[in-house]
Asker: 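Handing you a structure now.
Since the model is a prediction, treat every value here as computed from it, not as a measurement. Residue numbers begin at 1 in each chain, while the letters A, B, ... track the order of the sequences.
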Amino acid sequence: MKIVVCVKQVPDMESKFVVVDNKKIDEAQIAFKMNDFDEFAVEAALQIKEKMGGEVIIVSAGPERVVKDIRQAFAMGADWGIHIKDPEIDAGDSTVIASAIHKAIEKIGDADLVLTGVMSEDNQFTLTGVMLSHLMDIPHGTNIVKLEVADEKSITVNRELEGGLNEVIEMSLPAVLSIQSGLNQPRYPTLPGIMKAKKKRLDVMTAADLGLSEVGAAGSKTEFIKMFVPVSEHKAEIIEGDAKTAAAALVNKLKNEAKVI
Amino acid sequence: MGKILVIAEHRDGKLSDGTKELCKVAKEMAEMSGNTAAAAVFSADDAIAKEVSKYIPEVLSGVDAKLAQYTADGYSQAAKSVIEAGDVAGVVISHGYDGVDFAAQVAMSIGAGIVSGINKVEFSDGKFVFTRNIYNGKLQEQRSVKTDKFVVTVEKGAWDKEAAGSEGTITSVDVAVGDVRTTVKEVIETTKGAVDISQAKLIVAGGRGTKDAEKYQATVVALAQKLKGEYGASRAVVDAGWTDHARQIGQSGKTVAPDLYIGLGLSGAIQHVAGMKGAKCIVAVNKDPEAPIFNIATYGIVGDLFEVVPAMIEALDS
Ligand SMILES: Cc1cc2nc3c(=O)[nH]c(=O)nc-3n(C[C@H](O)[C@H](O)[C@H](O)COP(=O)(O)OP(=O)(O)OC[C@H]3O[C@@H](n4cnc5c(N)ncnc54)[C@H](O)[C@@H]3O)c2cc1C
């Protein structure tokens, strides 16, 4: 099996977010990491490879800093990867990103399975996987919480639904699956894994290398207007003081003001 | 003039609440832009179409045996044929499990721009401006589409449900559904027979910030026991295996509405909040003053839960 995993680097959501000119976040304050959902996707791919043989290929778009997390996936056990490195692609919307990944997958050739995370924690679009399946003209499943590959022709997966329900669906391969958190326990890289990761093949490709002519704003079907810190109509009453003082004041309020304990 | 077209969401003969919210959104958008609001219902008969017509003036009913059950291929092909047959200005889909499964396929197949998870819409200079959450709700962005038609998915609970009126007009439409590449085998329940926290009056819930299974026990479970309530968790905790799936609160877990909900070391992601925003009194303990949970909490303590929780237990003892 040839499995492609799409990996995105995102800010750690506990970072301090400062918006510059309503256009972007100040990266100086941000620690970056692999998108949580993608870690589950990498692990899922590695488990299929262990069972069926084959290779796991990472595709990731972004600036130089994303190499850290591509190598992280290599250290977990992925074989090689493509780094789509072009500011004009990064400036595009999900249509542009999906098109670029599609071209990269064509370069890889003969993929049996493409895995993405359900969404990226930064943009939260939840679109790329489905767009990719449309461009590749193959079936897809989203929010996958269980998958079983019986052979190289078809796959059975559980698609998560509301209220603890799962829909069990079958589709032929190749297919695109967007992976939901919790379907496995992503492994930690081992020290030998980290050493090997440094030497694994990583091809760098631009829009021109991929044969993609419409990138940036020209290739986008949506227009970003601005970003901002949301103004909430409601804010919690923050109880001040050291832990002891605040805890005692809180217990007092719950007893005498809210009357809930 | 064109239609702002809702695609109805239903399962097992039951219309989703999300669809009633979509009807509200579509009417609001139609009014601000001088369009009309309509809904398309895809099914194997027109029972659901009748139901939907109580919420929106015009319903297009696409009936086909292949639409008896939701599939991404079935829905996106049906949507494409309805959009191409009529004067549709844009399509409004729920940002739920089915919606995110097929909305992008509809957008791609009609060449339209898509904006997902919107929670606010304005109309200015002849176009819609959509607001949506980014960075786990710490920030928001505004986005519009550049194409003639648009597709949006709508965040659940961002709009109220439209109230039912009398039945409106239903027009049957041809839907061309060809090849459906996925086969639904069955729908299974994953938390059957497990503990049910949905009726609890007091819940202490823990998130990733509780660090590991032992510390989750020592803080979340201990405080819940002290207060004689139930304990619950965010998805991150359940994924890590620190407690059972039946205790997960949120979109993919339980919906709870206790008198008191205490959230420890969880950020308040929208999918979690979806399951607990009905709580009467919400307490949040989080070391990050910008965590979104503080936007819905009644009381908050900005601090380390490993200091605050023992101090709370002590205060409860005295
Ligand atoms: C389709 C879909 C469905 C989902 N369904 C659900 C669902 O049903 N339920 C659900 O919960 N999630 C759900 N999620 C996941 C959701 O998006 C979040 O990833 C998840 O809720 C995060 O869990 P968390 O708040 O525990 O972790 P995080 O977001 O990582 O937050 C941890 C918090 O702990 C704080 N913290 C850390 N250490 C301390 C300390 N010592 N003291 C105090 N605070 C501390 C941090 O500041 C941070 O705010 C779903 C996601 C998707 C895509």
Side-chain angles (χ1 to χ4, degrees), chain A residues 11 13-14 17 19 25 121-127 130-131 133-135 139-143 156 159-162 164-172 181-182 185 220-230 232 234-239 243-244 246-248 250-251 253-254 258 260-261, chain B residues 72 96-97 100-101 104-105 108-109 112-117 129 133-136 138-147 181-191 227 235 238-239 251-252 259-260 267 281 283-284 288 294-303 307-308 311-312 315-316:
Chain A
M13 293 304 144
E14 287 174 36
F17 287 90
V19 177
I25 53 167
E121 296 169 78
D122 54 356
N123 285 328
Q124 301 182 226
F125 285 134
T126 331
L127 297 171
V130 179
M131 287 182 161
S133 78
H134 183 88
L135 291 167
H140 72 263
T142 49
N143 276 290
T156 305
R159 182 170 77 93
E160 183 171 84
L161 302 176
E162 264 98 6
L165 297 179
N166 279 186
E167 184 181 70
V168 183
I169 53 182
E170 191 181 78
M171 68 191 83
S172 60
S181 66
Q185 298 287 346
S220 299
K221 290 188 158 52
T222 64
E223 191 180 357
F224 165 82
I225 300 167
K226 62 172 179 182
M227 63 165 72
F228 49 93
V229 179
S232 168
H234 173 88
K235 271 273 172 207
E237 177 186 338
I238 298 295
I239 301 173
K244 222 175 143 102
L250 172 65
V251 167
K253 278 179 186 292
L254 294 177
V260 284
I261 57 170
Chain B
Y97 287 99
V100 302
D101 194 52
Q105 202 176 345
M108 295 294 273
S109 68
I114 175 166
V115 182
S116 56
V129 174
N133 283 1
I134 51 176
Y135 299 98
N136 193 24
K138 282 195 159 181
L139 303 177
Q140 291 187 328
E141 68 166 7
Q142 283 188 337
R143 197 170 272 278
S144 60
V145 306
K146 305 200 297 182
T147 48
R181 298 166 297 179
T182 53
T183 313
V184 180
K185 296 286 188 194
E186 57 177 335
V187 173
I188 55 169
E189 218 178 292
T190 57
T191 54
L227 290 166
R235 183 171 186 126
V238 174
D239 286 347
Q251 185 188 348
S252 50
D259 295 334
L260 175 60
S267 61
C281 179
V283 173
D288 177 3
F294 289 121
N295 295 338
I296 59 150
T298 323
Y299 304 115
I301 294 180
V302 178
E307 290 174 18
V308 175
M312 280 178 75
L316 286 163

Asker: Can you tell which part of A/His234 gets under 4.5 Å to a heavy atom of chain B, answering side chain, backbone, both or neither?
Answerer: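 Contact with chain B involves both backbone and side-chain atoms of A/His234.
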Asker: Can you tell me which of B/Lys185, B/Lys138, B/Gln142, B/Glu141 forms the most heavy-atom pairs within a distance under 4.5 Å of chain A?
Answerer: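 Highest number of heavy-atom pairs under 4.5 Å: B/Gln142.
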Asker: Would you call A/Glu223-B/Lys146 a salt bridge at under 4.0 Å N-O?
Answerer: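 No, this pair does not count.
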Asker: Quick one: what part of B/Leu227 sits under 4.5 Å from any heavy atom of chain A, side chain, backbone, both or neither?
Answerer: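 Looking at B/Leu227, just its side chain touches chain A.
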Asker: Does any backbone or side-chain atom of A/Val229 lie under 4.5 Å from a heavy atom of chain B? Answer side chain, backbone, both or neither.
Answerer: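 Both backbone and side chain.
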Asker: Does B/Asp101 reach the side chain of A/Asn143, with side-chain heavy atoms less than 4.5 Å apart?
Answerer: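 Not touching, per the 4.5 Å side-chain cut-off.
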Asker: Which bit of A/Asp122 is near chain B, if near means a heavy-atom gap under 4.5 Å: side chain, backbone, both or neither?
Answerer: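 Contact with chain B involves both backbone and side-chain atoms of A/Asp122.
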Asker: Can you say whether B/Val238 sits under 4.5 Å from chain A via the side chain, the backbone, both, or neither, judging by heavy atoms?
Answerer: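 Contact with chain A is absent: no heavy atom of B/Val238 under 4.5 Å.
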Asker: Which is it for B/Arg181 and A/Met171 under the side-chain contact (heavy atoms from CB on, under 4.5 Å) test, yes or no, and what are the steps along the way?
Answerer: CA-CA 6 Å; B/Arg181 298 166 297 179; A/Met171 68 191 83; 5.9 Å; no
Asker: Determine, stepwise, if the pair B/Thr190 / A/Leu165 fulfils side-chain contact (heavy atoms from CB on, under 4.5 Å).
Answerer: CA-CA 6 Å; B/Thr190 57; A/Leu165 297 179; over 6 Å; no
Asker: Going by heavy atoms in the side chains, are B/Leu316 and A/Ile261 under 4.5 Å from each other?
Answerer: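 A side-chain contact under 4.5 Å exists here.
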Asker: Under 4.5 Å from any heavy atom of chain A, what part of B/Ser267 do you find: side chain, backbone, both or neither?
Answerer: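 For B/Ser267, no heavy atom lies under 4.5 Å from chain A.
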Asker: With a 4.5 angstrom heavy-atom cut-off, which part of A/Thr222 approaches chain B: side chain, backbone, both or neither?
Answerer: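 For A/Thr222, backbone and side chain are both near chain B.
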Asker: Tell me, for A/Glu160 versus chain B, whether the close heavy atoms (under 4.5 Å) come from the side chain, the backbone, both or neither.
Answerer: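 Contact with chain B is through both the backbone and side chain of A/Glu160.
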Asker: With a 4.5 angstrom heavy-atom cut-off, which part of A/Leu127 approaches chain B: side chain, backbone, both or neither?
Answerer: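 Both backbone and side chain.
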Asker: Identify which part of B/Thr182 has an atom lying under 4.5 Å from any heavy atom of chain A, answering side chain, backbone, both or neither.
Answerer: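 Backbone plus side chain of B/Thr182, per the 4.5 Å heavy-atom cut-off to chain A.
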Asker: Is B/Ala284 in contact with chain A via its backbone, its side chain, both, or neither, using a 4.5 Å heavy-atom distance?
Answerer: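 Neither part; nothing is under 4.5 Å.
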Asker: What part of B/Ile114 lies closer than 4.5 angstrom to a heavy atom of chain A: side chain, backbone, both or neither?
Answerer: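 For B/Ile114, backbone and side chain are both near chain A.
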